[in-house]
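Take a look at the structure below.
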Amino acid sequence: MTVPSCLAPAPAPTNETELFYRASALAGFNLAELAQGAGWVLPANLKRDKGWIGVLLERYLGASAGSKPVQDFADIGVELKTIPVDRNGWPLETTFVCVAPLTGNSGVTWETSHVRYKLARVLWIPVEGERGMPLAERRVGSPLLWSPDAEEEAQLRQDWEELMDLIVLGQVEHITARHGEVLQLRPKAANGRALTAAVGEQGQPILTLPRGFYLKKAFTGHLLARHFMVQS
DNA sequence: GACTGATCATAT
DNA sequence: ATATGATCAGTC
């Protein structure tokens with residue numbers, strides 16, 4: 001295997017097949033090799049570069065850069081998610097989906113939600129992520145193109161509706177990460193001083209920590225396991 | 001050792 | 001401040 005080169009960001013893929021083919025070609029390489037191919041310097045660790053792997057793979061795969069609230073491959077309707085896994089292919093972290101809207105939610109529905117939009121089609125790329133393993137040695141795994149099946153969508157919908165109900169009813173500050181079976185709501189902020197508008201218990205405007213929707217590990221673990229036939 | 005709450009970098 | 005990319009780390 002010759003080490004891939006990506007000295008300039010790849011062009012956007014034209015279709016899913018092309019995207020999947022590109023992602024498959026990265027499987028087996030470690031992060032030192034992929035960083036070199038991109039002309040990037042490997043950080044010592046991810047403490048101050050938490051999104052580094054995701055951005056590196058975006059470059060190789062031709063994801064549209066930027067901070068727009070759209071899928072990574074909007075033209076073909078695919079979202080890219082790198083997911084850190086242990087030696088058995090089991091997730092080491094929850095998966096961030098999107099920021100949760102805390103105001104202006106009257107009349108919102110699952111069908112038009114950002115969670116459903118982002119998760120409609122996902123290219124999962126597992127990456128070895130055990131903290132004791134040097135970044136340079138961590139290998140990229142085989143990709144998986146996934147859409148939620150009927151049961152998964154029903155679970156996501158139920159959790160989303162329950163969490164959104166609580167947000168609309170002014171209970172956001174009483175929601176913990178324990179709510180939801182597969183989808184949870186947790187802080188998503190630069191730090192504890194970052195505040196955003198929300199609805200209080202009496203319906204009044206309040207300021208609270210920004211929140212995000214995250215997929216719990218059991219959910220992503222099972223969808224990966226179902227495909228790769230590893231233990232679950 | 002797992003999990004929840006907290007946090008880091010960057011672009012707009 | 002809010003969006004993107006996520007992982008860290010204290011506490012249970």
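To find a chain, count down the sequence lines: A is the first, B the second, and so on, and within it residues start at 1. Scope of the values below: all heavy atoms of this structure, side chains included, with no hydrogens, waters or symmetry mates.
Per the geometry, CG belonging to L207(A) stands 14 Å off C1' belonging to dT2(C), to the nearest Å. One atom, CG of L61(A), and another, P of dG5(C), lie 13 Å apart when rounded to the nearest Å. Put simply, CH2 on W52(A) is 17 Å from C1' on dT4(C), counting in whole angstrom units. Separating the CH2 atom of W40(A) from the P atom of dG5(C) is a distance of 13 Å, rounded to the nearest angstrom. Atoms CG (L209(A)) and C1' (dT2(C)) sit 13 Å apart, rounded to a whole Å. Atom CZ in R59(A) sits about 17 Å away from atom C1' in dT4(C), given to the nearest Å. Distance CG (L57(A)) to P (dG5(C)): 12 Å, rounded to an integer number of Å.
Taking the six-membered ring for Trp, W90(A) and H222(A) have ring centres closer than 6.0 Å.
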**Message:** Using side chain to side chain contact (heavy atoms under 4.5 Å, CB included), reason through F213(A) and H114(A) one step at a time and then give a plain yes or no.
**Reply:** CA-CA 10 Å; F213(A) 287 110; H114(A) 285 209; over 6 Å; no
**Item:** F73(A) vs S64(A), side chain to side chain contact (heavy atoms under 4.5 Å, CB included): CA-CA, chis, key distance, verdict
**Value:** CA-CA 7 Å; F73(A) 306 97; S64(A) 54; over 6 Å; no
**Item:** nucleotides 7-12 of chain C: protein proximity per nucleotide (B base, S sugar-phosphate only, - neither; heavy atom, under 4.0 Å)
**Value:** BBB---
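Taking 4.0 Å as the cut-off between side-chain N and carboxylate O, R139(A) and E33(A) do not count as a salt-bridged pair. A salt bridge is absent between K216(A) and E181(A): the closest approach of a Lys/Arg side-chain nitrogen to an acidic carboxylate oxygen does not fall below 4.0 angstrom.
Atom CG of L144(A) sits about 11.0 Å away from atom OG1 of T220(A), to the nearest 0.5 Å. Atom CH2 of W110(A) is separated from atom CZ of R116(A) by 7.0 Å, given to the nearest 0.5 angstrom.
Taking every nucleotide of DNA chain B with any atom under 4.0 Å from a non-hydrogen atom of chain A, the first and last of them, 5' to 3', are dC3(B) to dT12(B).
Applying the 4.0 Å criterion to OP1 and OP2 of dA3(C), one finds that K118(A) has every side-chain N and O outside that range.
Q71(A) comes within 4.0 angstrom of nothing in the nucleic acid, heavy atoms only. In this structure, P69(A) reaches the sugar-phosphate backbone alone: every heavy-atom distance under 4.0 Å involves primed, P, OP1 or OP2 atoms, never a base. Looking at heavy-atom distances under 4.0 Å, K188(A) makes contact with a base.
For DNA chain C, the neighbouring residues in residues 189-204 of chain A, judged by any heavy atom under 4.0 Å, are L195(A), T196(A).
Applying the side chain to side chain donor-acceptor pair (under 3.5 Å) criterion to R131(A), with sequence neighbours excluded, gives E93(A). For the ring-ring contact (aromatic ring centres under 6.0 Å, His included) test, residues two or more places apart in sequence or in another chain that qualify with F96(A) are Y214(A).
Applying the under-4.5 Å side-chain rule to Ile, Leu, Val, Met, Phe, Trp and Tyr, the cluster around L195(A) extends to L207(A).
Hydrophobic clustering keeps V99(A) apart from M164(A) (ILVMFWY residues linked when any side-chain heavy atoms are closer than 4.5 Å, directly or through intermediates).
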